[in-house]
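Proteins come first, then strands; the chains are lettered A, B, ... in the order of their sequence lines, and each starts at number 1.
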Amino acid sequence: MSPLQPARGTRDLIGEELRRHRHVIETARRIAETFGFEEWATPVFEDTRVFSRTLGETSDVVMKEMYSFTDRSGESLTLRPEATAGVCRALVSNGLTQSLPQKVFYAGPMFRYERPQKGRYRQFHQIDIELIGPAHPLADAEVMACGHCILEALGVAEGVTLEINTLGDAASRAAWRAALVAYFTARRDELSAESQARLERNPLRIIDSKERADQPIIAAAPVIAPYLTPSAAAFYAGVKQGLLRFGVPFRENPRIVRGLDYYGHTAFEFVTTGLGAQGTVMAGGRYDGLVAEMGGPPTPAVGWAAGIERLAMLLPAVPEAAAPVAVVPIAPELEAHAVVILQRLRREGIRAELEYTGNLRRRMERANRIGARWAVILGEAERERGSVQLKDLASGAQSEVPEADLIARLS
RNA sequence: GCGGGCGUAGCUCAGUUGGCAGAGCGCCAGAUUGUGGUUCUGGAUGCCACGGGUUCGAGUCCCGUCGCUCGCCCCA
């Protein structure tokens with residue numbers, strides 16, 4: 001039997017990797033809170049229909065990437081492939097459509113059955129922002145501004161570009177879609193096989209194709225701008241103006257569309273060249289129809305999701321674990337006293353560890369290995385004088401300190 | 001779902017035409033019984049990813065499986 005390994009596409013987060021991961025979440029949460037977002041947590045699995053109805057029956061996520069299973073009562077459940085659908089379901093389930101706006105921050109694991117590669121896992125983690133309620137274009141800008149601030153706070157904004165587009169309202173999109181179908185149908189034979197299939201299912205996604213053969217055809221394809229209704233055009237103009245007001249740099253890219261069907265109006269991606277094939281680091285848009293599809297009233301909303309693994313890979317600096325104080329009794333008789341001091345330090349919020357095996361040399365070696373800043377050495381003679389030896393492990397300087405002064409010396 | 005590369009010690013890796021399983025780092029012990037880091041001496045590393053085949057003999061060649069990785073596709 002081969003050795004037990006983590007399941008394909010999953011991994012253990014230990015040490016530096018978890019510190020990076022947590023740093024992304026904690027930074028994002030802190031910034032999002034300054035924008036007024038509050039954290040939610042919803043179940044990792046949902047009724048399959050929460051996703052199958054709303055993400056689009058023809059989307060790749062629904063067709064071939066969901067972890068769906070039947071439980072013992074015969075119900076079809078699915079490990080969530082993304083956060084937004086679950087948040088909208090929770091909004092409706094909890095009657096919160098009556099208390100809008102809701103500003104939601106989310107962080108947690110998502111699941112998609114895909115072939116793993118750099119920055120892509122079967123269990124991956126996202127941070128997520130949803131602003132539910134406002135139909136105002138400034139809401140779109142604020143959501144993007146929040147994302148931009150998070151990228152700045154993480155120190156990764158430098159290499160990242162915000163690209164935006166509009167998918168218009170339903171009327172604009174229908175007109176554009178008709179133009180695209182006409183255009184691509186005329187050139188059907190030149191398209192890649194994949195794009196020919198998309199022509200039936202989801203012609204907008206041809207625009208997003210990375211197939212080399214499709215590129216010249218896409219480059220000449222109609223853009224949405226001429227098909228925008230006056231109100232959709234005004235909305236998009238409002239979003240761009242909002243971004244200027246928030247001071248968020250962006251670039252228009254008329255080829256951005258979304259993989260999930262519930263998006264309309266604003267679509268955007270924060271992209272980088274620093275991650276190989278996985279260049280999108282944060283992406284989202286407006287999804288005014290989703291809450292209604294979940295059984296709630298028509299409710300405007302806009303949001304984004306970002307891959308934590310991808311952000312963690314871009315982090316310029318790794319957060320360091322706090323350097324502890326090592327408490328080192330010289331002999332077993334001093335252990336009881338060592339525990340008293342250990343707990344006294346911890347109650348002051350100082351990270352302290354007890355070195356409780358081996359001779360003094362072994363204990364000091366271990367203090368060094370765990371990266372201790374100070375060693376508090378407890379000896380018989382000092383005990384009688386009510387003091388300890390305090391050693392600075394960086395400089396090697398050591399002095400005898402009265403126990404009463406110890407906390408002050410370490411603060 | 002498709003294509004390329006790779007799996008040898010805890011880690012990074014070497015291993016010649018098929019002929020005793022190796023190095024560095026790390027780990028353990030000692031030099032130093034009340035003092036870490038640097039140094040010196042000694043020691044242990046192992047299902048050579050897993051399963052099968054060829055061969056007197058396989059880490060090495062062949063087949064399959066699993067995993068990792070880089071692309072494609074898709075997406076965050």
Side-chain angles (χ1 to χ4, degrees), chain A residues 1-11 24 55 59-65 81-84 106-122 124-129 147 192-195 197-198 202 205 208-214 257-260 268-272 275-285 303-314 326 328-331 334 355 358-383 388-398 400:
Chain A
M1 181 178 152
S2 36
L4 257 24
Q5 296 171 320
R8 184 167 168 79
T10 68
R11 56 188 200 135
V24 170
L55 305 192
S59 69
D60 280 45
V61 169
V62 169
M63 288 198 305
K64 50 191 190 195
E65 295 177 359
E82 57 108 43
T84 307
Y106 206 99
M110 310 292 158
F111 305 85
R112 290 183 197 174
Y113 187 88
E114 298 185 274
R115 177 114 177 222
Q117 63 175 275
K118 186 183 178 71
R120 191 173 75 184
Y121 304 93
R122 289 182 174 182
F124 61 105
H125 300 79
Q126 290 186 330
I127 52 175
D128 197 277
I129 288 289
S192 64
E194 187 60 30
S195 287
R198 277 192 283 235
N202 195 346
R205 289 209 56 78
D208 201 31
S209 168
K210 311 293 190 298
E211 298 271 0
R212 186 164 302 135
D214 295 339
V257 293
R258 291 265 59 102
L260 307 178
F268 60 90
E269 296 184 359
F270 288 86
V271 298
T272 177
L275 285 178
Q278 317 302 323
T280 303
V281 97
M282 181 181 278
W304 52 250
I308 294 176
E309 284 83 357
R310 293 183 188 178
L311 289 170
M313 281 190 287
L314 290 170
V328 184
I330 265 165
L334 290 151
E355 303 307 335
N359 58 23
L360 180 54
R361 177 188 164 81
R362 296 278 307 117
R363 296 180 203 223
M364 289 299 290
E365 273 178 359
R366 183 154 191 284
N368 192 63
R369 198 179 316 139
I370 64 175
R373 174 77 180 78
W374 301 95
V376 176
I377 303 166
L378 310 177
E380 302 281 7
E382 292 82 355
R383 174 78 171 120
V388 300
Q389 292 287 342
L390 180 60
K391 181 163 189 169
D392 180 336
L393 290 177
S395 68
Q398 179 172 326
E400 188 164 343

(message) Heavy atoms only, 4.0 Å cut-off, all strands: where does Gly9(A) land among base, sugar-phosphate and nothing?
(response) sugar-phosphate
(message) Using Watson-Crick or G-U wobble geometry with both distances under 3.5 Å, which nucleotide pairs with G22(B)?
(response) C13(B)
(request) Quick one: label Glu365(A) by what it contacts on the DNA or RNA (base, sugar-phosphate, nothing), any heavy atom closer than 4.0 Å. (result) sugar-phosphate
(request) With the side chain counted from C-beta on, respond yes when Leu360(A) and Met364(A) share a heavy-atom pair under 4.5 Å apart, and no when they do not. (result) yes
(request) State which of U35(B), C68(B), G34(B) makes the closest approach to the side chain of Lys391(A). (result) U35(B)
(message) Strictly by Watson-Crick or wobble contacts shorter than 3.5 Å, is anything paired with U60(B), and which nucleotide is it?
(response) none
(request) Just call it for Ala381(A): base, sugar-phosphate, or nothing, with non-hydrogen atoms closer than 4.0 Å on any strand. (result) base
(message) Any base atoms under 4.0 Å from Gly284(A), or only sugar-phosphate, or nothing? Heavy atoms, all strands.
(response) nothing
(request) Using both distances under 3.5 Å as the test, list the Watson-Crick or G-U wobble partner of U45(B), or none. (result) none
(request) For nucleotides G10(B) and U45(B), find the distance between their P atoms and express it as a whole number of Å. (result) 12 Å
(message) Nearest whole Å is fine: how far is G34(B) P from Gln389(A) CD?
(response) 14 Å
(message) Taking any heavy-atom pair under 4.0 Å as a contact, classify Ala283(A): base, sugar-phosphate, or nothing.
(response) sugar-phosphate
(message) Heavy-atom nearest nucleotide on RNA chain B for Ile330(A) versus Met282(A): which residue maps closer to 5'?
(response) Ile330(A)
(message) Is it the case that U35(B) (base atoms only) and Arg361(A) (side chain only) share a donor and an acceptor within less than 3.5 Å, ignoring hydrogens and angles?
(response) no
(message) Suppose you measure atom P in G19(B) against the same atom in A58(B); what distance do you get, rounded to whole Å?
(response) 11 Å
(request) For Arg8(A) and for Leu393(A), find the nucleotide of RNA chain B with the closest heavy atom, then tell me which residue's nucleotide is more 5'. (result) Leu393(A)
(request) Scan Glu380(A) against the nucleic acid and name what it touches under 4.0 Å (heavy atoms): base, sugar-phosphate only, or nothing. (result) base
(message) For the C1' atoms, the ones on U17(B) and on C61(B), what distance do you get once it is rounded to whole angstrom?
(response) 12 Å
(request) Please give the nucleotide sitting opposite G67(B) as a Watson-Crick or G-U wobble pair, both distances under 3.5 Å, or none. (result) C6(B)
(request) Flag the pair Pro116(A) / Arg122(A) as yes when at least one side-chain heavy-atom distance between them is below 4.5 Å, and no otherwise. (result) yes
(request) Name the nucleic acid region contacted by Gln398(A), choosing base, sugar-phosphate or nothing; use a 4.0 angstrom heavy-atom cut-off, strictly under. (result) base
(message) Can you check the distance between C20(B) and A29(B), where both ends of the measurement are the P atom (answer in whole Å)?
(response) 34 Å
(request) Name the closest nucleotide to the Arg115(A) side chain, picking from A76(B), G36(B), C2(B). (result) C2(B)
(request) Could you please name the partner base of C72(B), counting Watson-Crick and G-U wobble pairs only when both distances are under 3.5 Å? (result) G1(B)
(request) Would you classify Glu382(A) as touching base, sugar-phosphate or nothing, given that sugar-phosphate means primed atoms plus P, OP1 and OP2, and contacts are heavy atoms under 4.0 Å? (result) base
(request) Pick base, sugar-phosphate or nothing for Phe270(A), based on heavy-atom distances below 4.0 Å to the nucleic acid. (result) nothing
(message) Say we look at C13(B) and G7(B): how far apart would their P atoms be, to the nearest angstrom?
(response) 10 Å
(request) In whole angstrom, give me the gap between the C1' atoms of G42(B) and G59(B). (result) 29 Å
(message) Under a plain distance cut-off of 3.5 Å, with no hydrogens placed, do Glu382(A) and Gln389(A) share a side-chain donor-acceptor pair?
(response) yes
(message) Measuring only the P atom in each nucleotide, how far is U54(B) from G46(B)? A whole number of Å is fine.
(response) 31 Å
(request) Kindly indicate whether the side chain of Arg120(A) and the base of C73(B) share any N or O donor-acceptor pair separated by less than 3.5 Å? (result) yes
(message) Measuring from the side chain of Pro116(A) (C-beta onward, heavy atoms only), which nucleotide among G34(B), C68(B), A76(B) has the closest atom?
(response) C68(B)
(message) Could you tell me how far C62(B) sits from C6(B) if I compare only their P atoms? Round to whole Å.
(response) 12 Å
(message) Would the base of G36(B) count as contacting Asn368(A) through its side chain, where contact means a donor and an acceptor less than 3.5 Å apart?
(response) yes
(message) By the definition salt bridge (charged side-chain N to carboxylate O under 4.0 Å, His left out), identify the one residue from Arg362(A), Arg361(A), Arg363(A), Arg366(A) that meets it with Glu355(A).
(response) Arg366(A)
(message) Students often get this wrong, so: under 4.0 angstrom with heavy atoms, is Ala331(A) touching a base, only sugar-phosphate, or nothing?
(response) nothing
(message) Regarding Arg362(A), tell me which of base, sugar-phosphate or nothing describes its non-hydrogen contacts under 4.0 Å with the strands shown.
(response) sugar-phosphate
